[in-house]
Amino acid sequence: MGDDLYSFSLTTFSPSGKLVQIEYALARVNAGSTSLAVKAKNGVVLATEKKLPPLMDEASISKVSMITENIGMVYSGMGPDSRVLVRKGRKKAQAYFRTYKEHISTAALVKELASIMQEFTQSGGVRPFGVSLLIAGFDDSGPHLYQVDPSGSYWAWKASAIGKNMVNAKTFLEKRYNDDLELEDAIHTAILTLKEGFEGEMNENNIELAIVDDKRKVRVLTPAQVKDYIGEIQ
Amino acid sequence: MSILEYNGGAVVAMVGKDCVGIASDLRFGIQAQTISGTQPKIYKIHDKCLIGLAGLATDNQTVFEKIRFRTNIYRLKEEREIRPKTLSNVLSMMLYEKRFGPYFVEPVIMGLDGPDEKPFISAMDLIGAPLLAEDFVLAGSSASEALYGVCESLYRPNLEADELFEVLGQCILSAVDRDAISGWGGVVHIMTKEGITSRYLKGRQD
């Protein structure tokens, strides 16, 4: 009998036509640390702040996750929620491969994840995911970058930012972006953008960088590699 | 009497030089009685993929309708046509799902696969065990022995489209003449990068 109390959907429309739970989920995302991504001609770069308390073992924590060999993602918002989506995304990708013996395209995987996130805005007894995702992949139709929000909306971007500093970061990216960027330029642009809104000193231990290049493999850069790139922009 | 021999029928597919062909007989019968001599067993999935289904006629129709459903949804979702190789895998999964109560069909898939339009043929048994061959594949319980013999003899690699038509035509006609429940003419489809050419063959109407 107590179960009946939670069998309705928590996302019900307000008189102004909003779904307030989704608004609140977005607020949670905007309180999370900044993540951004830039698409180049020959790949995509994902970058995120990784500010951890001094005693936390930063080597064990990774905000960037691999969904398939050639599709990676980063989040802003609640880490545990993002882990659930990573697992579901990986399973969907493998199920696709089992049926078609073809690797899932970035667009198809994004649609699946967005569909899952939307389900959680229209089902009983659940709440929306408290994350926005930036999904980067390289497949037969080239490099791709997508953003997925708690509502389940998704967009393809040339460059985008989510989280705390997204407004300034996006303005910065708009000025700096051009369609002829190579991956190396994109990495520099990403680091510079992250630096703009960074509180305190940015170094190889408090940011995380990952790339998907035309070899179609997601690679999280090692702290040493990140240090080199940071050095290059100074 | 085996269920796969209830309606009879024969399908064969062959690879040529930058082309593929598929042929089937035209008989639709119920055991000894012939109902129609104008029933081909080959269906078009899209311009670069054809599928032939031998076996129980009712299951052929159902399996084709299921495939058409899957490929139409695929086309809408992926915004492109399904590759013949992918379709082969999908069909294999579909048939294995019914492992302990199978569809009595023996599919043959042919097409030009991928952006390079490479000739592709495959066949499978009624529970989805795939067979990927480089030369020819065939299906049809009662006509298969004769078909294997004549295909093995007449096939050469790198046949041009016209030669492929001749070889396929001769194979299907001579093989079904050895089988009481297949025949009543034949149809041959030859697929090249330019398109599909279909020709109906007049055979012994017995």
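Note that the structure is a prediction, hence the values are computed from the model and not measured. Every chain is numbered from 1, with letters handed out A, B, ... down the list of sequences.
Remark: B:His189 NE2 is packed, more than 12 non-hydrogen atoms of other residues, nucleotides or ligands lying under 6.0 Å away. Atom CD of B:Gln31 has more than 12 heavy atoms from other residues, nucleotides or ligands within 6.0 Å. Within 6.0 Å of NZ on B:Lys85 lie no more than 12 heavy atoms contributed by other residues, nucleotides or ligands. Other residues, nucleotides and ligands contribute more than 12 heavy atoms inside 6.0 Å of the CZ atom of B:Arg199. Surrounding CZ of A:Phe97 are more than 12 heavy atoms belonging to other residues, nucleotides or ligands, all under 6.0 Å away. Crowding of A:Arg219 atom CZ: a count of heavy atoms from other residues, nucleotides or ligands under 6.0 Å not exceeding 12. Enclosure of atom CZ in A:Arg216 by more than 12 non-hydrogen atoms of other residues, nucleotides or ligands within 6.0 angstrom is indicated.
In this structure B:Asp135 satisfies the salt bridge (charged side-chain N to carboxylate O under 4.0 Å, His left out) test with no other residue, sequence neighbours excluded.
For the atom pair A:Ser105 OG and B:Arg80 CZ, the distance stands at 7.5 Å (nearest 0.5 Å).
Considering all non-hydrogen atoms of both residues, B:Met93 and A:Arg98 come closest at SD-O, 3.6 Å. Of all the heavy atoms in B:Asn89 and A:Tyr100, the pair that sits closest is ND2-O, 3.4 Å.
Contacts between residues 153-189 of chain A and chain B, counted as heavy-atom pairs separated by less than 4.5 Å, involve no residue at all.
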*Evaluation steps, side-chain contact (heavy atoms from CB on, under 4.5 Å), between B:Arg70 and A:Thr99*: CA-CA 11 Å; B:Arg70 288 299 303 273; A:Thr99 307; 3.7 Å; yes
